[in-house]
A.B. asks: 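Got a structure for you, questions after.
Computed over heavy atoms, backbone and side chain alike; hydrogens, waters and symmetry mates excluded. To find a chain, count down the sequence lines: A is the first, B the second, and so on, and within it residues start at 1.
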There are 2 protein chains.
Amino acid sequence: MKRNTWQREAVRTALTGTEGFVSAQVLHSHLRDTGSSIGLATVYRALASLEETGEVDALQQDGESLYRACTQGTHHHHLICRNCGTTVEISADPVEQWARQVAAEHGFTQANHVVDVFGLCAACTALAAAGGQVAEPGRVT
Amino acid sequence: MKRNTWQREAVRTALTGTEGFVSAQVLHSHLRDTGSSIGLATVYRALASLEETGEVDALQQDGESLYRACTQGTHHHHLICRNCGTTVEISADPVEQWARQVAAEHGFTQANHVVDVFGLCAACTALAAAGGQVAEPGRVT
DNA sequence: TGCTAAACGATAATCATTGTCAAAAAGGGT
DNA sequence: ACCCTTTTTGACAATGATTATCGTTTAGCA
């Protein structure tokens, strides 16, 4: 059976306490920085497991996977700041319908879709306008 | 200045002669199989360069980048068979507008988006129904 | 034809992710 | 509370795609 370990709980908690999407590596660093002795492989395993159960969302950027705790239990998409990682969960019913229809029109079955919107959030837009530097993605907010 | 080499041309040609999305590694194998002496690093460089100029589209799947020659010069999206890689280029004006609007509503600027629909094409759907096996992605069609 | 900077190719290096395996510990039964 | 079985962990090795390095080749032009 599936067991409850403090490690899995620590990953869940750390992810919930994070505003935007983070990489497994960054999440692991943060856990270590806060005194946890959790291993890197375990973080990867926990994230994969949590993704399977639908407790966290994942997306791929620049060839690395980023994770975030879901606040909505239902299917949704994301509006992500490519500077600070701040994320807004958005529902997109028209897009869902469009995707289904396009797939059907071309005889495709078992359709799913990847829909993400990236941009600069209001704060980072102001920052950039003030001449501020853009930081690397994957950072914690 | 930018130079025209037979290597870059070979990559462009090989990609044009391919139906679906392919990985750099697979494309390289095919070029070698057809007698070319092109190097792997060069294939990567050519693909990156072609993507920059907008001549080819790229998407990320399972942590690897896949490439395909664009037939439309304008912005568009893809409907991709996750079994055989067959791809249909689709325009999605309603989605473009939706993305722009959602970004603006939340104060995001410089918005772009990732929109891809995956599924099983008609042929592969029939194949699967007949008990056929699904092959791995990244293969050439 | 000769020059020079861009492009190439072989290979080493990088980096995220996954596999391995002995040691630790969760859950249930006694 | 203790033991037993099985899952999970953690340190580290292995993998696999992509990128950097660097000496050699070559496209484009005088």
A.B. asks: Using heavy-atom distances to pick each residue's nearest nucleotide on DNA chain C, tell me which of A:Asn4 and B:Ala46 is more 5'.
C.D. replies: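 Upstream on the strand: B:Ala46.
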A.B. asks: Quickly work out the B:Ile38 CD1 to C:dG9 C1' distance and round it to whole Å.
C.D. replies: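 Rounded to whole Å, this separation is 10 Å.
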A.B. asks: Whole-Å distance between C:dC15 C1' and B:Glu64 CD?
C.D. replies: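 Going from CD in B:Glu64 over to C1' in C:dC15 covers 16 Å.
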A.B. asks: Please list, chain by chain and in numerical order, all residues satisfying salt bridge (Lys or Arg N to Asp or Glu O under 4.0 Å) with A:Glu89, sequence neighbours excluded.
C.D. replies: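 A:Arg68.
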A.B. asks: So which protein nitrogen or oxygen atoms get under 3.5 Å of nucleotides 4-6 of chain C's nitrogens or oxygens?
C.D. replies:
unit_1 : atom_1 : unit_2 : atom_2 : d
C:dA5  : N3     : B:Arg3 : NH1    : 3.3
C:dA5  : N3     : B:Arg3 : NH2    : 2.9
C:dA6  : O4'    : B:Arg3 : NE     : 3.4
C:dA6  : O4'    : B:Arg3 : NH2    : 3.4
C:dA6  : O3'    : B:Met1 : O      : 3.2
C:dA6  : N3     : B:Arg3 : NH1    : 3.2

A.B. asks: Rounded to whole angstrom units, what separation is found between the CG atom of A:Leu40 and the C1' atom of C:dT17?
C.D. replies: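 Result: 8 Å.
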A.B. asks: Hey, which of B:Thr125, B:Val88, B:Ile80 is the one that makes side chain to side chain contact (heavy atoms under 4.5 Å, CB included) with A:Phe108?
C.D. replies: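 It is B:Val88, the one option of B:Thr125, B:Val88, B:Ile80 that forms the side chain to side chain contact (heavy atoms under 4.5 Å, CB included) with A:Phe108.
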A.B. asks: Is there a donor on the side chain of B:Arg45 or the base of C:dG9 sitting less than 3.5 Å from an acceptor on the other?
C.D. replies: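 Such a pair exists between side chain and base.
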A.B. asks: Taking CZ from A:Arg8 and P from C:dA25, how many angstroms apart are they, rounded to a whole number?
C.D. replies: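 Distance check: A:Arg8 CZ to C:dA25 P gives 16 Å.
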A.B. asks: So where does chain B start and stop touching DNA chain D, 5' to 3', when the test is distance under 4.0 Å to a non-hydrogen atom?
C.D. replies: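 On DNA chain D, the outermost contacted nucleotides are D:dA17 to D:dG28.
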A.B. asks: Under 4.0 Å between a side-chain N/O of A:Tyr44 and OP1 or OP2 of C:dT18, yes or no?
C.D. replies: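 No, no such contact exists.
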A.B. asks: Taking five pairs at each end of the helix from C:dT1-D:dA30 to C:dT30-D:dA1, what angle separates the two helix axes (nearest 10°)?
C.D. replies: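 If I round to tens, the end axes sit 30° apart.
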A.B. asks: Do A:His113 and B:His77 have a side chain donor and acceptor closer than 3.5 Å?
C.D. replies: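 Distance-only check fails for A:His113 and B:His77.
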A.B. asks: Can any side-chain N or O of B:His76 pair as donor or acceptor with the backbone N or O of B:Thr74 at less than 3.5 Å?
C.D. replies: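 Judged by distance alone, yes, a pair lies under 3.5 Å.
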A.B. asks: Do A:Leu79 and A:Leu127 share a hydrophobic cluster (ILVMFWY, side-chain heavy atoms under 4.5 Å, transitive)?
C.D. replies: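 No; A:Leu127 is not reachable from A:Leu79 via cluster members.
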A.B. asks: What is the distance, to the nearest angstrom, from the NE2 atom on A:His28 to the C1' atom on C:dT17?
C.D. replies: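 Value for this atom pair: 14 Å.
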A.B. asks: Is a side-chain donor or acceptor of A:Thr34 paired with a backbone partner of A:His30 at a separation under 3.5 angstrom?
C.D. replies: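 Yes: the side chain of A:Thr34 pairs with the backbone of A:His30.
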A.B. asks: Could you tell me whether a side-chain N or O of B:Thr16 sits under 3.5 Å from a main-chain N or O of B:Arg12, the two making a donor and an acceptor?
C.D. replies: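 Looks like yes, one N/O pair under 3.5 Å.
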A.B. asks: Specify the separation, in whole Å, of atom CZ of A:Phe21 and atom P of C:dA16.
C.D. replies: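 Rounded to whole Å, this separation is 19 Å.
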A.B. asks: Can you tell me if A:Gln101 and A:Gln97 form a side-chain donor-acceptor pair at under 3.5 Å?
C.D. replies: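 Judged by distance alone, the side chains do not pair up.
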A.B. asks: Please give the remaining members of the hydrophobic cluster of A:Tyr44, linking ILVMFWY side chains under 4.5 Å, ordered by chain and number.
C.D. replies: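 Its cluster partners, ordered by chain and number, are A:Leu40.
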A.B. asks: Does A:Arg45 offer a backbone N or O that forms a donor-acceptor pair with the side chain of A:Ser49 under 3.5 Å?
C.D. replies: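 Side chain of A:Ser49 to backbone of A:Arg45: no pair is present.
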A.B. asks: More 5' along DNA chain D: B:Thr5 or A:Gln7, using each one's nearest nucleotide?
C.D. replies: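 So the residue in question is A:Gln7.
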A.B. asks: For residues 116-124 of chain B, run the donor-acceptor check on the side chains, cut-off 3.5 Å, and write out each pair with its distance to 0.1 Å, sequence neighbours left out.
C.D. replies:
none

